[in-house]
Amino acid sequence: MGASDDDTGQPARPRFCGCCAPPPRVTASHGREGKNLLATAPDADKLAMPLAAFQPRSMLRVPVTRIERPRFPVIDVHTHLSWMRNVRGAVPVGEAMTFFTDPAALLPLMERKGIRAMVNLTGGTGRGLEETIARFDRAAPGRFLTMTEPSFGLFAEPDYPRLQAEAIEQAHRAGACGLKLLKTLGLYLREGIDEGALVGVDDARFDPMWETCAALDMPVFIHTADPLAFFRPTDRHNERYEELAHHPDWSFYGPEYPSHAELIAARDRVIARHPRTTFVLMHVGSQAEELDTIEACLERFPNVLVDISARIAELGRQPRRSRRFFERFQDRILFGTDAVPPPWGEDVPQQLLGDELYEIYYRFLETEDEYFDYAPAAKPPQGRWSIYGLGLPDAILRKVYHDNAARLLGIA
């Protein structure tokens with residue numbers, strides 16, 4: 001009997017496979033009007049639900065590994081425990097400080113989460129820096145390290161380069177372990193501090209500052225540019241549409257700003273001019289979406305490291321590529337979170353300092369868990385996706401968690 005015959009000897013009727021083709025139309029001769037059974041009328045009310053109200057829950061049943069303590073002691077090189085109080089057009093100025101917390105509130109968390117030390121990047125300048133160091137570093141020796149910041153309030157002075165170099169020397173004597181630059185340089189600082197033309201990242205007036213850091217063996221932690229999406233129109237094609245709708249001042253799209261590529265090129269010119277200065281490019285150099293480019297930077301400049309702060313959302317959605325990045329540059333990647341204590345950090349949950357934030361980072365680095373949240377929030381704050389763990393081996397974990405930062409900062 002042929003394959004096309006049934007047991008009556010007649011040609012077999014074609015059978016419907018519902019998984020790969022629409023079902024046959026039901027005809028009026030069978031008592032119903034003809035209709036494709038897969039065609040349905042849309043529910044207009046449900047389609048009208050605003051995107052902000054959409055909070056889907058994954059139906060995946062995958063392993064959930066809770067990592068309450070890291071496999072090795074952690075040095076978090078990127079936290080914000082204080083802030084310069086006064087700003088001019090988003091440029092921090094003056095010496096007055098706002099403190100978000102104190103060691104008494106942080107040390108129990110650090111013990112629970114296996115954090116050996118926190119680096120407070122935004123320690124201020126002058127008297128404010130001295131107050132920050134007294135509040136943290138001297139109150140809990142070895143547990144906190146503080147960095148200084150540029151004295152942008154002096155930028156309009158004709159001898160600013162000399163004044164800035166002297167301020168770095170003073171900060172070093174006060175106990176600062178490095179210099180931190182916000183994205184102020186390139187995006188906010190202007191010739192008149194808050195008015196006039198933007199000042200470029202590679203402006204020669206900062207050369208004495210970079211060279212003073214080299215002479216004093218103070219690493220420079222520099223934030224240049226921002227995620228690529230922040231330099232694109234905030235429209236229906238922008239994957240960070242919701243984030244930019246909540247924070248419209250984070251958008252740098254338009255002719256009044258340099259492009260992402262221009263900012264990165266200016267940063268690289270600074271690095272090339274100052275080979276004796278150690279630069280830590282925060283947030284994976286603002287190039288976590290295109291790891292080939294940050295790898296090229298690391299290959300070109302041996303005086304460069306990166307931290308992973310606030311970028312596991314990007315790294316974790318490309319886990320195989322990211323793991324290769326960690327394997328290749330395992331000696332030059334630092335652990336950081338960009339953590340900000342509550343309540344100040346509540347508007348940016350990917351940075352909200354607490355147990356859950358650290359557990360997410362540990363899960364990302366240590367496990368091969370799939371499809372989990374990158375921030376302690378009801379909705380993904382940076383983009384509507386989930387991440388995957390890298391499952392790094394112990395040899396790399398030890399370096400990223402601790403050894404690379406200990407070597408850089410001279411921690412015994």
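- The side-chain contact (heavy atoms from CB on, under 4.5 Å) test with Phe54 singles out one residue from Glu242, Arg384, Lys379, and that residue is Arg384.
- Taking the six-membered ring where tryptophan is involved, the planes of Trp385 and Tyr374 are tilted, since the angle between them lies from 30° to 60°.
- Taking the six-membered ring where the residue is Trp, Phe206 and Trp210 present tilted rings, their angle falling between 30° and 60°.
- A search for side chain to side chain contact (heavy atoms under 4.5 Å, CB included) contacts involving Ile360 returns Ile312, Glu356, Pro376, not counting sequence neighbours.
- Leu353 pairs with exactly one of Thr101, Asp338, Leu109, Val340 by the side-chain contact (heavy atoms from CB on, under 4.5 Å) rule, that one being Leu109.
- Listed for the Arg85 side chain is no donor-acceptor partner under 3.5 Å among the backbone atoms of Gly94.
- Relative ring orientation between His283 and His78 is described as tilted, the plane-to-plane angle lying within the 30° to 60° band.
- Ion pairing between a basic and an acidic side chain is recognised when a charged N comes within 4.0 Å of a carboxylate O; Asp292 and Arg321 show such pairing.
- At a threshold of 4.0 Å, the pair Lys399-Glu327 does not count as salt-bridged, since none of the basic side-chain nitrogens sits closer than that to a carboxylate oxygen.
- Between the Asp43 side chain and the Lys46 main chain, a donor and an acceptor come within less than 3.5 Å of each other.
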Let me see the working for Tyr160 and Gln164 under side chain to side chain contact (heavy atoms under 4.5 Å, CB included), right down to the final yes or no.
CA-CA 6 Å; Tyr160 170 75; Gln164 181 60 82; 2.7 Å; yes
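- Among residues at least two apart or in separate chains, ring pair (Phe, Tyr, Trp, His ring centres under 6.0 Å) pairs with a member in residues 108-146 are Phe136-Phe144.
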